[in-house]
Amino acid sequence: MCIFCDILKNQKYVVYENDLVFAILDEYPVSKGHILIITKRHAKDYFDLTKPEKEAVDEAIIWLKNTFDRMYHPDGYNIGVNNGEVSGQTVMHAHVHLIPRYKGDVDDPKGGVRGVIPEKQAY
Ligand code: 5GP
Ligand code: ZN
């Protein structure tokens, strides 16, 4: 059983969808508006996606970004994908994190996604 396939099947919490992907708010958000863009097909990770799926992900990202800009007025965004357990992936169904960022949400944001290896974030 895959939790993302289950969510799609039940249409629970789906806030956006197009032909190939859907989006849900993350249950444990790291910021207001943290959202997951998920393929409708049970793909393993980003590298498993077809070109049309990647285009559908991009379409979703742009739509959600424009929506969150209007709703929450964030100051920036991180876009991130964990691929494989060693990178931090916990749900083995391809998804992209779109994370709105707000001035002052961390003391020093410098390095951003470099923080996947916390001691290497600052440089
Ligand atoms: P990963 O670690 O695989 O890149 O991301 C999985 C994400 O899914 C995590 O950020 C986690 O908070 C979120 N998540 C896990 N289970 C659920 C769930 O049942 N519902 C929702 N909406 N998000 C979930
Ligand atoms: Zn799945």
Side-chain angles (χ1 to χ4, degrees):
M1 215 278 291
C2 166
I3 53 170
F4 289 169
C5 285
D6 193 52
I7 287 170
L8 177 63
K9 199 169 98 196
N10 295 310
Q11 285 286 308
K12 271 186 310 197
Y13 319 117
V14 172
V15 298
Y16 168 93
E17 70 175 318
N18 62 33
D19 283 354
L20 297 176
V21 306
F22 66 103
I24 56 172
L25 288 165
D26 197 292
E27 195 171 2
Y28 308 97
V30 304
S31 73
K32 192 165 66 177
H34 179 180
I35 197 156
L36 305 172
I37 296 120
I38 306 168
T39 50
K40 289 186 172 175
R41 178 175 71 90
H42 181 93
K44 184 163 67 96
D45 61 22
Y46 186 81
F47 300 110
D48 200 19
L49 300 193
T50 63
K51 195 167 175 205
E53 283 171 334
K54 284 188 257 196
E55 285 169 0
V57 166
D58 202 45
E59 189 180 298
I61 287 173
I62 298 304
W63 191 90
L64 292 161
K65 185 243 187 243
N66 289 336
T67 301
F68 289 147
D69 281 351
R70 286 196 300 273
M71 285 172 68
Y72 300 137
H73 309 288
D75 302 293
Y77 289 87
N78 293 108
I79 298 172
V81 188
N82 300 321
N83 297 283
E85 227 172 282
V86 72
S87 77
Q89 186 176 1
T90 56
V91 180
M92 299 302 164
H93 176 146
H95 56 281
V96 175
H97 297 251
L98 176 64
I99 303 176
R101 296 297 304 274
Y102 303 89
K103 274 196 187 100
D105 60 4
V106 294
D107 286 343
D108 182 8
K110 189 180 174 193
V113 298
R114 292 174 55 96
V116 293
I117 311 280
E119 65 272 26
K120 296 281 175 68
Q121 177 166 347
Y123 65 97

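Indexing begins at 1, ligand by ligand and atom by atom, following the structure's order. Keep in mind it's a predicted model, so treat the numbers as computed, not measured.
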**Complete:** Taking the Zn ion (ligand 2) as the apex, Cys5 SG and His93 ND1 span an angle, rounded to 10°, of 110°

**Prompt:** Is the closest heavy-atom distance from Met92 to ligand 1 below 4.0 Å?
**Reply:** no

**Message:** side chain to side chain contact (heavy atoms under 4.5 Å, CB included), that's the test. Do Glu55 and Leu20 meet it? Break it down for me.
**Reply:** CA-CA 9 Å; Glu55 285 169 0; Leu20 297 176; over 6 Å; no

**Request:** Give the numbers and elements of all ligand 1 atoms closer than 4.0 Å to a heavy atom of His95.
**Result:** 1 (P), 3 (O), 4 (O), 5 (O), 6 (C)

**Message:** Taking distance alone, with N or O pairs closer than 3.5 Å, would you say Gly88 contacts ligand 1?
**Reply:** yes

**Item:** Contact partition for Ile24 relative to ligand 1, non-hydrogen atoms under 4.0 Å
**Value:** side chain

**Request:** Apply side chain to side chain contact (heavy atoms under 4.5 Å, CB included) to the pair His34 and Ile99, showing each step before the final yes or no.
**Result:** CA-CA 5 Å; His34 179 180; Ile99 303 176; 3.7 Å; yes

**Asked** By number and element, which atoms of ligand 1 are closer than 4.0 Å to a non-hydrogen atom of Asn82?
**Response** 1 (P), 2 (O), 4 (O)

**Request:** Using atom types as modelled and distance alone, determine if a side-chain donor or acceptor of Ser31 lies under 3.5 Å from a backbone N or O of Pro100.
**Result:** yes

**Request:** Applying side chain to side chain contact (heavy atoms under 4.5 Å, CB included), run through Leu36 and His97 and close with a yes or a no.
**Result:** CA-CA 5 Å; Leu36 305 172; His97 297 251; 3.4 Å; yes

**Ligand-residue contact atoms, ligand 1 with Gln89, heavy atoms, under 4.0 Å** = 3 (O)

**Asked** Crowded around Lys12 NZ? As in, over 12 foreign heavy atoms under 6.0 Å?
**Response** yes

**Message:** Need one value: angle at the Zn ion (ligand 2), Cys2 atom SG versus His42 atom ND1, rounded to 10 degrees.
**Reply:** 110°

**Item:** Nearest protein heavy atom with distance in Å, relative to atom 15 (C) of ligand 1
**Value:** Ile3 CD1, 3.9 Å

**Asked** How close does the nearest protein non-hydrogen atom get to atom 20 (N) of ligand 1, and which residue and atom is it?
**Response** Glu27 OE1, 3.3 Å

**Request:** Using a 4.0 Å heavy-atom threshold (strictly under), name the region of Leu25 that reaches ligand 1: side chain, backbone, both or neither.
**Result:** backbone

**Message:** Could you check whether any side-chain N or O of Tyr77 sits under 3.5 Å from a backbone N or O of Lys65, counting only pairs where one atom can act as donor and the other as acceptor?
**Reply:** yes

**Request:** Would you give the length of the straight line joining atom CG of Asp45 to atom CD of Glu85, rounded to the nearest 0.5 angstrom?
**Result:** 12.5 Å

**Request:** Report the nearest protein non-hydrogen atom to atom 8 (O) of ligand 1: residue, atom name, distance rounded to 0.1 Å.
**Result:** Leu36 CD1, 3.5 Å

**Request:** Decide if atom OH of Tyr46 counts as having more than 12 heavy atoms of other residues, nucleotides or ligands within a radius under 6.0 Å.
**Result:** no

**Prompt:** Of the protein's non-hydrogen atoms, which lies at the shortest distance from atom 2 (O) of ligand 1, and what is that distance?
**Reply:** Thr90 OG1, 2.9 Å

**Message:** Looking at Tyr72, I want to see if its OH is surrounded by more than 12 non-hydrogen atoms of other residues, nucleotides or ligands under 6.0 Å.
**Reply:** yes

**Message:** If you measure every N or O of Val91 against every N or O of ligand 1, does any of those distances drop under 3.5 Å?
**Reply:** yes

**Message:** Regarding ligand 1, does Asp26 bring an N or O atom to under 3.5 Å of one of the ligand's N or O atoms?
**Reply:** yes

**Any Tyr16 side-chain heavy atom under 4.5 Å of Ile35 side chain** = no

